[in-house]
Number of protein chains: 2
Amino acid sequence: MPADRSQAPGPPTISEVAAEAGVGRATAARTLGGYGYVSPELRERVLSAAEKLGYRANALARSMSTGVSHTLGVIVADIGNPFFAGVVRGICDTSRARGFDTIVLSTYENLEEEIAATNVLIDKRVDGVIIASAAVGRGEVAHIKAAMDRVPVVLVDRAVAALDLDTVVIDNRDAAREAVEMLITAGHRRIGFVWGPPVAKPPATRRELLAQASRNLWTDGERLRGYLDALDDARIPFDPELVMAGRKTEERATAEVARMLAIPDRITAVFCTETDAVTGALRALRAAGLSYPRDIALIGFDDSAWAAVMEPPLTMIAQPVHELGAKAAQVLLDTLEGAEPGRETHTLRSRLIVRASVSAPPAS
Amino acid sequence: MPADRSQAPGPPTISEVAAEAGVGRATAARTLGGYGYVSPELRERVLSAAEKLGYRANALARSMSTGVSHTLGVIVADIGNPFFAGVVRGICDTSRARGFDTIVLSTYENLEEEIAATNVLIDKRVDGVIIASAAVGRGEVAHIKAAMDRVPVVLVDRAVAALDLDTVVIDNRDAAREAVEMLITAGHRRIGFVWGPPVAKPPATRRELLAQASRNLWTDGERLRGYLDALDDARIPFDPELVMAGRKTEERATAEVARMLAIPDRITAVFCTETDAVTGALRALRAAGLSYPRDIALIGFDDSAWAAVMEPPLTMIAQPVHELGAKAAQVLLDTLEGAEPGRETHTLRSRLIVRASVSAPPAS
DNA sequence: CTGTTAGCGCCTTCAC
DNA sequence: GTGAAGGCGCTAACAG
């Protein structure tokens, strides 16, 4: 006489289903796990028993014995940022299509959080990790190396020089150069860069600035290089006063653009490397009673529905967010399925969406 | 003679750490698991052995034997929507502060996906679930009921009438009423509602419209009710032509606002229930050569940095996104820690941020 | 205080 | 074809 299953605490187990169906555990496991061979008749009995009991396989137990979790871990700076939200969606879409779940963690641009997040994923035994890392120096990659020892890792959005990994990015440097070039072609020579390295005051020399940039977020450094490239090509001297300093917040961007607007030989154009930098700059313009593109030209990173409905509409750089995520997931999944990791950099194309925020500088 | 641990495949286990430290497995488990008592000396040996081997606890195995995962599951419509991104951040922040990880899944407003997501969370044995469900009718809540049988569940953003659960929302109806009231006070009587129930053509009568709304997203229905409340209070007759029909996309909003602008007795104000509806409406205004607030007034749901930098800045309803998530997590965590589930509705306050997109209607 | 032992739920040889 | 038995890595009683 079997024990009363309805009294069983907790969710029904495979043994209970087996008992209910009057078969052995292995038979129940085979039909429920979808492997091995089971006669149609027993199969049917097991299925209806499972149905009746409301059986759901314990993914934890399954992972324990198989060693795989069919789960990908994703670490990004801020899931609330539309850019990362798009990337994550790309990752989720393609991994789900290939039978994988996704766990995503936000670090809010904090390395401690990033390390903690990596550990969480390792502990939960994900099969692979995709990470947009804030790490740059050799001293900051230990957690990623540790992860690499256990599972395949691919980098997205941000390259890390010290790591030999598959990496999916856009050409930030070239995208920035193209945008600033457009500003220069329109006649601008005093072009503000928002935002720069998060230091109290940017270094006075190009060399130091670049060194500074290398110690910070990869994307920021690349975009700064692109800005300098365009300046160099046009033989426009670099002016440290035109590079934003301080923390990367909307408020700070407003303050810095206000400053650049107040100096004698004021800026006539701004190049913003992020969405919050754009709104921050826009606030400064309004406060100064200036309007674009008449008084000042503006180009920013990360196009959005808002940028298109601004009056006039904003010229922006659009990143292929979904593709970035999709590609990263694809590369990772391929590796999981046995492909040799290419350890190469996959560069996707961004696009400069030309609208109406750029015209010639005002005649001074 | 112990086997060569360095040859061990896979991540180091607690047994290997124990062997390395020369203690019993239980002692290693106790120090690494942070429970029970271990002498300082052995403790130290275990710790350094773990360090040396790069030991990380297998969260799966741990969950298996303890029965808890210290993980919360979250299901939202679209993590890419700034509203949900904010809510999720609120959830993550408070759950992490209380020692819980978070798994978040997006359903993209699709009930099938929502059911699948629920199953994933159940299978992964999360300790509790927070869900912004698209379910409304009694026939659509089976998956939530199934989840409730296993773990505590709390609803966020969207109430579900058929479910007796802790629910964290804002008063959508009142927020909408307040906004529309402001429009009416300014003198408007022809006020467009964007967007409405996703049907090809909204019903001609109030009664049917409301019935229709009840069959769709809870928030949408509430906001529609608020719109009607305000109309009623002002004894303004309801005109079905002023309610958007069709799929809820930016493009569709543009088309519908264009339509409302083209009818003889055209709208002089628009009330938008979502961010994409706002940008869609704005596109229609531009196409019609109209500008706000002079030609038309506008209020929308979900304030953002963009809304503040528009020229003129937009009057918007701001939801307490972070608090919504934080409260939901708090209620859930309290329940997990033994508090009796209140099964009540927690209503948070939204705010109407008055800026400059509303003025009196143009003299016709 | 520490080590031994028995599961957690599932998958997986291996005989029957 | 199907069932019994062992093991994944960990926790938790229970001895000692």
Side-chain angles (χ1 to χ4, degrees), chain A residues 2-3 5 8-47 49-50 53-71 122-125 127 150, chain B residues 3 5 8-47 49-50 53-71 122-127 150:
Chain A
R5 298 295 160 195
T13 72
I14 215 167
S15 307
E16 291 170 24
V17 174
E20 174 74 28
V23 303
R25 281 171 22 190
T27 303
R30 271 190 282 263
T31 97
L32 264 9
Y35 59 92
Y37 204 99
V38 181
S39 71
E41 189 207 356
L42 289 193
R43 168 179 206 73
E44 196 42 54
R45 290 215 326 248
V46 172
L47 254 23
L53 265 37
Y55 172 81
R56 291 248 94 219
N58 184 332
L60 268 38
R62 179 169 289 173
S63 296
M64 282 239 39
S65 52
T66 59
V68 299
S69 59
H70 278 268
T71 303
I122 292 300
D123 294 353
K124 285 205 188 304
R125 296 301 191 263
D127 295 336
R150 294 155 177 271
Chain B
R5 297 295 162 196
T13 71
I14 214 167
S15 306
E16 290 170 25
V17 174
E20 175 74 30
V23 303
R25 285 181 8 200
T27 303
R30 273 190 281 262
T31 97
L32 265 8
Y35 60 93
Y37 206 99
V38 181
S39 71
E41 189 207 357
L42 289 193
R43 168 181 205 72
E44 197 42 54
R45 290 216 325 251
V46 172
L47 254 23
L53 265 38
Y55 172 80
R56 292 246 95 221
N58 184 331
L60 269 37
R62 177 170 291 172
S63 297
M64 283 244 31
S65 55
T66 58
V68 299
S69 60
H70 278 271
T71 303
I122 293 300
D123 293 353
K124 286 203 188 306
R125 296 301 191 261
V126 298
D127 294 336
R150 292 155 178 272

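Each chain gets a letter, A, B and so on, in the order its sequence line appears, and its residues count up from 1.
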Under a criterion of less than 4.0 angstrom to any heavy atom of chain A, what are the 5'-terminal and 3'-terminal contacting nucleotides of DNA chain C?
dG9(C) to dT12(C)

Could you tell me the separation between the CZ atom of R62(B) and the C1' atom of dA12(D), rounded to a whole number of Å?
13 Å

Tell me the closest heavy-atom pair linking P12(B) and L53(B), and the distance in Å.
CG-O, 3.3 Å

Could you state the CZ-P distance from R25(A) to dG7(D), rounded to the nearest angstrom?
14 Å

List in numerical order all residues of residues 31-39 of chain A for which some heavy atom is under 4.0 Å away from an atom belonging to DNA chain C.
Y35(A)

Can you name the side-chain contact (heavy atoms from CB on, under 4.5 Å) partners of R25(A), sequence neighbours left out?
S15(A), A18(A)

Taking CD from E44(A) and P from dT2(D), how many angstroms apart are they, rounded to a whole number?
13 Å

Please give me the minimum heavy-atom distance between D127(B) and V68(B), naming the atom from each residue.
OD1-CA, 3.6 Å

Once rounded to the nearest 0.5 Å, what's the spacing between atom CZ of R43(A) and atom CG of L32(A)?
9.0 Å

Under 3.5 Å: donor-acceptor pair, side chain of S69(A), backbone of R125(A):
yes

Minimum heavy-atom separation for Y55(A) and T13(A), please, with both atom names.
CE1-C, 3.7 Å

Closest approach of L60(B) and N58(B), non-hydrogen atoms and distance?
N-OD1, 2.8 Å

Is any side-chain heavy atom of K124(A) less than 4.5 Å from a side-chain heavy atom of K124(B)?
no

Interatomic distance where CZ belongs to R125(B) and P belongs to dT11(D) [whole Å]:
19 Å

How do G24(B) and I14(A) order along DNA chain C: which one's closest nucleotide is nearer the 5' end?
G24(B)

Find every protein N or O atom lying less than 3.5 Å from an N or O atom of nucleotides 13-16 of chain D, and list the pairs.
none

Interatomic distance, CD1@I14(B) vs CD@E16(B), rounded to 0.5 Å, equals 11.0 Å

R43(A) CZ - dT2(D) P separation (whole Å)
11 Å

According to side-chain contact (heavy atoms from CB on, under 4.5 Å), who are the partners of A21(B), at least two apart in sequence or on a separate chain?
V23(B), R45(B), V46(B), A49(B)

Whole-Å distance separating the CG atom of L42(A) from the P atom of dG3(D)
6 Å

Quick one: I122(A) CD1 to dG9(D) C1', roughly how many Å, whole number?
16 Å

If I compare all heavy atoms of R150(B) with all of P11(A), which pair ends up nearest, and what's the gap?
NH1-CB, 3.1 Å

Measure the shortest side-chain to side-chain distance between H70(B) and R62(B) over non-hydrogen atoms and say whether it is less than 4.5 angstrom.
no

As a quick check of understanding, evaluate side-chain contact (heavy atoms from CB on, under 4.5 Å) for T31(A) and L42(A), giving each step before the final call.
CA-CA 9 Å; T31(A) 97; L42(A) 289 193; over 6 Å; no

Per-helix bend value, the helix from dC1(C)-dG16(D) to dC16(C)-dG1(D), C1' rotation axes over five pairs per end, 10° rounding, shows 40°

Distance, rounded to the nearest Å, where N58(A) contributes CG and dG9(D) contributes C1':
14 Å

